[in-house]
Q: 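First the structure, then my questions, so here it is.
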Amino acid sequence: MEALLDAQHPEGADPAPDSEDAKSHRTLPRSAAFRRFIAQGWGPRPAEDTAAAPSAPFAARRREVLSSLFPGEVLVVPAGPLVRRSNDCDYRYRPHSAFAHLTGLGTDREADAVLVLHPRGEGHEAVLYLRPQGSRDSEEFYANARYGELWVGPRPSLAAQEAVTGLTCRDVAVLAEELGASVADGDTRGLRVVDDADPAVTALVTPLRTGEAEQVRAADDELVTALSELRLVKDEWEVGQLREAVAATVRGFEEVVRALPRAVGHPRGERVVEAAFDGTARVEGNGVGYETISAAGDHACTLHWIRNDGPVRSGDLLLLDAGVEADSLYTADVTRTLPVDGRFTDAQRRVYQAVLDAADAAFAVARPGVRFREVHEAAMRVIADRLSAWGVLPVDAATSLEPEGQYHRRWMAHGTSHHLGLDVHDCAQARREMYLDAELRPGMVFTIEPGLYVKAEDELAPAELRGIGVRIEDDVLVTEDGVENLSAALPRTPDEVEAWMASLRG
Ligand code: GLY
Ligand code: MN
Ligand code: MN
């Protein structure tokens, strides 16, 4: 639908002279009589949700930590604008993850909003600037397909947002003025912005800044790094959200197993699988946390196969890498590789077992105090060993594992682990010493996801293994003395996978 299309003005009828948009086919009633008419006769809106969000106290604590890192500086964290999908249609809105983390707001809250930490004494005052609820006597109400209540529903009032978030909320119209006042305050030491979140906000703050472009960029990069590192250890509420996301993901995988008979024989069976998972994700959460990888047969060897337009053939494996994003925007990231017929062949089992052994080796070393990269190294020792036993490496396993070797990576080109949270690849701007080289700490959540991928045209591999791709991916919480597999409800061993599939198929 477009804003006030001809559908509301029967074809052939002459539009009123004042109702035609000269530059397009659209008609927009502009008569004073129409404006008066549509603005009246509306009763009160339904009561708004004003219950404090369970995330609010946790978000407040995160803001306190951020405040302590940048004393005396104005910190600007935009939610970001709506993003055009095509022509006049937008993607479903998703706020910038740093904004979601610091406000506790999820789902589609809230396009164009901006969180600002204004320096006040030793700390900061956090203010959330928002487009306030539109009034029903405005043109926006009925004629604005991006923001109008008649088109996209009501926005929360500032009072309701204050009650939900515990933040002071103001009209975004005063943002420029209040930022200017904050920067002009003699005690203020600078301003930083999350500069990739909203180009309009970045442009708005640019004239308020001093220093060379390079210094300004470096200051913003430091803020982005700090925000990324602030998310490395999850709080109790975040872990709860990740548990919910994983539980919904498990249900999505179950739906896929039930849909497999329908997928087999369909020319685009991979889409049948995708639809089964994504449907569950949308019903149970906010949607998928990333595009679902539904890869049957040789497609499993394409690491991010998201075209998903191939058939699902009897006798093949299906690699499904999929995660439900909860309404809070925390996402799971899980992979299982399933025999389409419910039974692995010997060759498939061989590859599967190698990957499972690599995953188990990674699980065995993961605990507080171990460096993040050691988890990957443990998995790689198994992968190199197994490939060596299959006779495909040009050197022995130990030589392959040397930094200047790495031949085994031909069959597993991705990493074994990444942090997981609001972003599927969470904390991506953290410094190396805080991520790859850092010790694991309780509360960290990351994936363990080794794989082996033998492309159908791989002439170095044994013929019986060609066209087989396997990845097993679990989501892991670091505890006080080890790790907890958050996705343990999905079977991992070949026998358990077969039994689970049989039980779901009845
Ligand atoms: N689903 C993307 C990944 O596993 O990292
Ligand atoms: Mn992953
Ligand atoms: Mn994944």
Side-chain angles (χ1 to χ4, degrees), residues 94 97 228 231-232 234 241-243 245-253 256 270 273-274 276-278 280-281 285-296 299-308 317-326 329-338 352 355-356 358-359 362-363 366 372-373 375-376 378-380 383 409 411-430 435-436 440 444-453 469-478 483-492 497:
R94 187 191 192 279
S97 295
S228 217
R231 285 157 50 190
L232 281 164
K234 271 59 184 175
Q241 292 305 303
L242 285 161
R243 286 187 194 283
V246 171
T249 299
V250 170
R251 292 191 284 276
F253 273 72
V256 165
E270 291 175 345
V273 167
E274 176 191 318
F277 186 86
D278 289 17
T280 309
N286 192 49
V288 290
Y290 54 92
E291 296 297 331
T292 294
I293 297 169
S294 168
H299 285 164
C301 302
T302 302
L303 301 177
H304 282 174
W305 175 256
I306 58 170
R307 201 175 296 149
N308 302 346
L317 293 177
L318 169 75
L319 185 156
L320 176 65
D321 182 341
V324 173
E325 179 184 78
L329 307 179
Y330 287 81
T331 188
D333 178 13
V334 175
T335 306
R336 287 294 183 269
T337 307
L338 310 172
Y352 192 98
V355 175
L356 183 62
F363 269 98
F372 190 86
R373 64 175 148 71
V375 177
H376 171 67
M380 286 309 94
I383 293 289
R409 299 295 298 275
W411 291 278
M412 185 188 147
H414 60 80
T416 304
S417 298
H418 57 79
H419 279 268
L420 183 68
L422 281 164
D423 293 330
V424 63
H425 297 158
D426 213 37
C427 312
Q429 281 77 36
Y435 198 128
L436 265 187
L440 298 182
M444 285 181 166
V445 176
F446 61 90
T447 64
I448 291 182
E449 51 172 310
L452 274 172
Y453 313 91
V470 173
R471 176 159 67 253
I472 305 169
E473 178 172 23
D474 284 289
D475 300 341
V476 170
L477 167 69
V478 183
V483 291
E484 177 189 343
N485 183 358
L486 298 176
S487 42
L490 279 177
R492 298 170 72 247
V497 168

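Fair warning: this is a prediction, and the values are worked out from it, not measured in the lab. Start at 1 and go down the list; that is how both ligands and their atoms are numbered.
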Q: Looking only at N, O or S atoms in E449, which is nearest to the Mn ion (ligand 2)?
A: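 For E449, the N, O or S atom at the smallest distance from the Mn ion (ligand 2) is OE2.
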Q: Between the Mn ion (ligand 2) and D333, which N, O or S atom of the residue is the nearest one?
A: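 Nearest N/O/S atom of D333: OD2.
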Q: Quick one: are the ring centres of H376 and F446 less than 6.0 Å apart?
A: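 No.
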Q: Would you name the heavy atoms of D321 and D333 that are closest together and state the gap between them?
A: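 Closest approach of D321 to D333, heavy atoms only: OD1-OD1, 3.0 Å.
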Q: Restricting to N, O or S, what is the name of the atom of E473 that lies nearest the Mn ion (ligand 2)?
A: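 Atom name returned: OE2.
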Q: Without hydrogens or angle criteria, can the side chains of H414 and Y453 be said to hold a donor-acceptor pair below 3.5 Å?
A: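 The criterion, which ignores hydrogens and geometry beyond distance, is satisfied for Y453 and H414.
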Q: I'd like to know if the side chain of Y330 and the backbone of E325 have a donor-acceptor N/O pair within less than 3.5 Å.
A: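 Side chain of Y330 to backbone of E325: no pair is present.
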Q: Centre-to-centre under 6.0 Å for F372 and H419, is that the case here?
A: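 Yes, the ring centres sit under 6.0 Å apart.
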Q: Any idea which part of V424 is under 4.0 Å from ligand 1, heavy-atom wise: side chain, backbone, both or neither?
A: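 It is neither part, as no heavy atom is under 4.0 Å.
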Q: So does H425 have any N/O/S atom less than 2.8 Å away from the Mn ion (ligand 2)?
A: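 Short answer: no, not a single N, O or S atom is under the cut-off.
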Q: What atoms of ligand 1 come closer than 4.0 angstrom to any heavy atom of H425?
A: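 Those of ligand 1 that fall under 4.0 Å from H425 are 2 (C), 3 (C), 5 (O).
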Q: On a heavy-atom basis, which atom in R251 and which in T280 lie closest, and how many Å separate them?
A: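 Closest heavy-atom pair between R251 and T280: C-CG2, 4.1 Å.
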Q: What protein heavy atom is closest to atom 3 (C) of ligand 1, reported as residue, atom name and distance in Å?
A: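 Scanning the protein heavy atoms, the shortest distance from atom 3 (C) of ligand 1 goes to D333 OD2, 3.4 Å.
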Q: Taking only heavy atoms of E473 into account, list the atoms of ligand 1 that are under 4.0 Å away from them.
A: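 Contacts of ligand 1 toward E473, numbered from 1: 4 (O).
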Q: Numbering the atoms of ligand 1 from 1, which are under 4.0 Å from a heavy atom of Y290?
A: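 Heavy-atom distances to Y290 below 4.0 Å select 1 (N).
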Q: Could you say whether the N/O atoms of H304 and ligand 1 ever approach to under 3.5 Å?
A: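 In this structure, H304 places no N or O atom under 3.5 Å from an N or O of ligand 1.
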Q: So N485 and S487, side chain to side chain donor-acceptor pair (under 3.5 Å) or not? Walk me through it.
A: CA-CA 5 Å; N485 183 358; S487 42; 3.1 Å; yes
